[in-house]
Amino acid sequence: MKALLKYEFRRVLCDKKNLYFFAIFLLVAIYFVNSGLNEFNRFQKDKAVFIKYEKARIKGYSNYQQYSGYGFRVLFEPSPLNIFFNNSTVLFDIEGNVDNTQILKIYNFFKGRRLFYSRGYFKDFSGFIYFIGSLLMIYMGILNFRSIDWLKFKLQFISFRKLFIMSTFIRLVYLNLFFILVMVIVFAYAGLNKLSFSGDEIYLFISFGLFTLLMLNFFYFVGLLLAILLKLKKAAFIWMFIFWLAFTLLVPEINRLYLFENVKELPPNEDIDSEKTKLLMQFQYNVMQRIRSIKDNKKELIELYKKSVKEYLENYHLHIKNKETLLSKKIRNTIHYYEKNTLLFPTMFYSFLSAEISSKGYYGYLDFKNHMVETQEAFLRFFLNKRYILDEKEVESFVKKDENIFKAIGHFPQSFWQGFGITFFYCFLLLAAAYILLKRRIYPNV
Amino acid sequence: MFEIKNLTFESKETVLNHINLGVKDGEIYLLMCKSERCTATLTNIMAGFQTVKEGELRVDSQLVTDKRNKPLVIINRMEEPMDFEPDLKLKDIVDFHCSVGGLKRKRILEMLLLFNLFEEDLKKKVRHANPVDIKLLYLSILLAIDYNNIVINDFIRGEEKEFELKFNRVLLQMKREGKAILYLTGDIFYAYRIADKVSFLKNGYLVPAEPIESKDLKELDAMAVYKKYLI
């Protein structure tokens, strides 16, 4: 055991070529985290500008009708964990607008420098470890058993089972230790840059790290099996690239296309918005009719306003809100369905997991949407109270503290352990297949 | 000393019919076969990588029942020794086999000395070492195994004369130490240089029924022997 540990240590970690690669890997990983930190700091500066601008904007409104029409913006602030995933997310920089048109507005706009903020896939820590880490692991898997001659030579000194298990796992342990070291270093680096993480966030990062290691091990076993299937010949390297590209790019993309086909079943936003507008218009028409019948009696008019506000909140608004709740439910079902699909393959689940842990995934979006619905309702009540019940003239801001900042949190997917279990099962299958096939190749009819 | 009794094997490419041969201690028995596949199959059978339809192996008069672990040193041809461990130092390979195989380092170094290789030469990495030195290192490791019986599959085929001379020197040393050596080859001329006894595999049968002694072989014309027993 000790001899094998030492031997594999030298094979994997004492080779200058490997050492250079590991050092560059670590540096690039730190670079991507640094890039995530820069983006985080840039966001904090943009957030300060946003808050200042929103405060100034309120002062410009001369009455509540104006304030109600234009409303205010709500900024989506990602979790600090996003520094590790800033380009592997579903959402980019998004914000919403709360006003009383009852139309929910969530958007990402490309104006000025914001055009250059999104950089595409894989250009972050999680993307880098996914893309290059998987390539390294599949390559290391292929190199584990060098040739049939090599194995036959070794088998004069050690039994097949011992050689297979020890050689496979000792190498894997060293590689896993390297990736754990990378993750610890980048996490500490973020900490050194004054970024603090809550207990939940640390737990999420550990969960992410755990699944990442398992997914990388999956690639190692794929490499191992490929090499054995191709009789440990050099052609395995060509197949390595084909499988690696298919697993890392093609499979998750096919799943996304499948999702795209599925979302067609969700109703178009325009349908929901027009139904909501219709209800609002109907309410406004009814109120106008009643106002016309009252003529100039101010006391009666105020009473009518109060009655209408009550009626709106208890009837029309509930219908409008219900439409949004129904849509949220449908979206949640679609996300849930997508989540289940991603369980089928480790790379699909990794993409899903990265986005969810970053807080900018599908569930992060739902949180934001629900927050917007609630804020919109609170703003509506605030407006109706100020304008029609209290009849205040001077515009007071709805935003007292940081109601216009939505602090997103990373999500631990419900299916995490299922995804972990399925990937573990795949690893086991690959390992068992590699063991049986290699044994058959060496001992064809023994 | 080891004996093969009534060995019968059949596959798509190779057939061996009722092979009987015995190699005594301090003897080099050369088994000639035109087909490389045939020698490779026989080596694999001896190593336990292939099972036979029929037959048995006796080592030092004891029947070997363990299919995979046989008390024989198997020295197979090495097509690409550079590919084995390119990133390790030769010294690491020695250390590993000493630990795992329970080999004596001193014994390996003694074997290396016979090939004019010194401890100093082991500091090189495999990828920077001379391919011949790597083959000799592997040979030294295998010969350091404390078994008296050795099966060699055409180790010198395609090698330079210098390599062959070094190899022959070690083979004779092994013979002097009392080891029983079965050498499988397709080279008739090598038989004249090294063998004590020679047999031939023709169409899966061992011919002649009794092996030819080296003194008798030297009186025969190589071409005539080749035509008689191999074509």
Side-chain angles (χ1 to χ4, degrees), chain A residues 1-22 139-140 142-167 170-171 174 227 231-237 438-446, chain B residues 9-12 40-41 43-45 47-53 66-89 91-103 125-128 135 137-139 141-145 147 150-151 153:
Chain A
M1 175 76 177
K2 201 178 157 191
L4 269 167
L5 274 169
K6 203 171 151 189
Y7 182 70
E8 278 299 328
F9 180 82
R10 288 188 176 152
R11 273 182 81 190
V12 179
L13 296 169
C14 286
D15 175 24
K16 269 188 196 160
K17 178 171 55 80
N18 285 358
L19 283 179
Y20 287 141
F21 180 84
F22 290 144
Y139 173 75
M140 284 293 185
I142 278 184
L143 282 185
N144 192 30
F145 299 116
R146 306 224 44 128
S147 67
I148 296 290
D149 283 351
W150 179 89
L151 276 163
K152 285 184 174 176
F153 176 78
K154 287 271 182 289
L155 287 171
Q156 297 211 43
F157 305 94
I158 188 168
S159 73
F160 176 78
R161 188 183 296 166
K162 202 170 173 188
L163 179 66
F164 183 89
I165 294 173
M166 300 287 250
S167 177
I170 290 172
R171 173 171 277 233
Y174 285 130
K231 299 177 185 174
L232 306 180
K233 297 263 167 67
K234 291 201 168 93
F237 289 104
L438 187 64
K439 200 171 174 186
R440 274 193 195 165
R441 200 164 296 287
I442 290 179
Y443 303 103
N445 51 4
V446 177
Chain B
F9 174 84
E10 201 177 327
S11 73
K12 275 181 196 168
T41 304
T43 315
N44 280 336
I45 290 169
F49 296 130
Q50 293 267 15
T51 44
V52 289
K53 212 169 157 186
D66 189 340
K67 284 177 185 170
R68 287 185 199 145
N69 299 310
K70 296 177 176 171
L72 293 169
V73 176
I74 307 292
I75 302 175
N76 222 327
R77 279 182 51 72
M78 283 183 175
E79 299 293 346
E80 290 171 273
M82 292 296 283
D83 265 4
F84 274 29
E85 319 278 3
D87 305 319
L88 286 184
K89 286 181 180 168
K91 179 183 150 297
D92 298 332
I93 296 170
V94 172
D95 291 344
F96 172 73
H97 289 97
C98 287
S99 306
V100 170
L103 305 181
K125 268 193 172 187
V126 171
R127 67 168 78 247
H128 300 131
K135 280 194 177 184
L137 172 69
Y138 279 105
L139 194 61
I141 291 170
L142 288 169
L143 291 174
I145 299 175
Y147 286 154
I150 305 169
V151 177
N153 178 22

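Here is how names work: the chains are called A, B, and so on, in the same order as the sequence lines, proteins then strands, and each is numbered from 1.
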Item to complete: Sort out for me which of B/Ile75, B/Ile145, B/Ile93 touches chain A most, counting heavy-atom pairs under 4.5 Å.
Response: B/Ile145

Practice prompt. Go through A/Lys6, A/Arg10, A/Lys17 and name the one with the most non-hydrogen pairs under 4.5 angstrom from chain B.
Written response: A/Arg10

Practice prompt. With a 4.5 angstrom heavy-atom cut-off, could you sort out which part of B/Leu103 is near chain A: side chain, backbone, both or neither?
Written response: side chain

Discussion item. Using heavy-atom distances under 4.5 Å, tell me whether B/Lys125 contacts chain A through its side chain, its backbone, both, or neither.
Written reply: side chain

Fill in: Under 4.5 Å from any heavy atom of chain B - which part of A/Lys162
neither

Practice prompt. Please test B/Leu142 against A/Phe157 for side chain to side chain contact (heavy atoms under 4.5 Å, CB included), starting from the C-alpha separation and ending with a verdict.
Written response: CA-CA 9 Å; B/Leu142 288 169; A/Phe157 305 94; 4.0 Å; yes

Practice prompt. Return the minimal non-hydrogen interatomic distance between A/Pro444 and B/Phe49, and the atom names on each side.
Written response: CD-O, 2.8 Å

Worksheet item: Do you know the tightest heavy-atom contact between A/Lys152 and B/Asn44?
Response: NZ-OD1, 3.1 Å

Worksheet item: Side chain, backbone, both or neither: which part of B/Phe9 has a non-hydrogen atom closer than 4.5 Å to chain A?
Response: side chain

Worksheet, complete the sentence: Only residue of B/Leu88, B/Asp92, B/Asp95 satisfying side-chain contact (heavy atoms from CB on, under 4.5 Å) with A/Tyr7 is B/Leu88

Worksheet item: Any side-chain heavy atom of A/Lys154 sitting closer than 4.5 Å to one from B/Val100?
Response: no

